[in-house]
Amino acid sequence: MMYETTKERIKFYKSRTWKRKRDEILKRDCYECQECKKEGKVSIDLNRFGQGTKHKYLDVDHIEELQKRPELALVDSNLVTLCIKCHNKKHDRYQKKNKKWNDEKW
Ligand SMILES: [Zn+2]
Ligand SMILES: [Zn+2]
């Protein structure tokens with residue numbers, strides 16, 4: 001699998017393998033945004049909402065992007081927990097170019 005098209009990537013993100021891996025990484029990172037943690041910040045969002053809803057504010061990011069390094073898709077060292085804010089910041093450039101990337105098919 002090469003993940004070159006959006007369709008392939010969506011299929012990946014919906015797969016049971018990815019969901020299981022994602023949970024694993026969230027647990028490994030103690031459900032904390034690693035970017036915020038590095039800066040000594042604790043995201044307010046995460047504290048404000050109860051445990052059950054924490055997940056919604058966190059994403060698991062591919063450090064080396066999926067389409068560039070498909071072989072690292074499920075490698076722990078290439079995966080990191082980010083809050084939505086930091087995640088958007090990271091992909092800012094990409095989103096500006098393709099504004100509809102997220103809302104069209106997800
Ligand atoms: Zn963050
Ligand atoms: Zn990402």
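Quick note: residue numbers are just sequence positions, from 1. Just so you know, ligand 1 is whichever comes first in the structure, and atom 1 is the first atom listed for that ligand.
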*Output, by chain and residue number, all protein N/O/S atoms separated from the Zn ion (ligand 2) by less than 2.8 Å.*
Asp61 OD1, His87 NE2, His91 NE2
_Residues that Glu24 engages under salt bridge (Lys or Arg N to Asp or Glu O under 4.0 Å), provided they are two or more places apart_ = Lys21
*Can you find a pair of side-chain heavy atoms, one from Pro70 and one from Tyr3, that are under 4.5 Å apart?*
yes
*In degrees, rounded to 10 degrees, what angle do Cys33 atom SG and Cys83 atom SG make at the Zn ion (ligand 1)?*
110°
*Going by an N to O cut-off under 4.0 Å, is there a salt bridge joining Glu35 and Lys38?*
yes
*Kindly compute the distance separating NZ (Lys11) from OG1 (Thr5), expressed to the nearest 0.5 Å.*
9.5 Å
*Is the closest side-chain heavy-atom distance between Asp59 and Ile84 below 4.5 Å?*
yes
*Describe, in one word, how the ring planes of His62 and Trp18 are oriented to each other, choosing from parallel (under 30°), tilted (30 to 60°) and perpendicular (over 60°).*
parallel
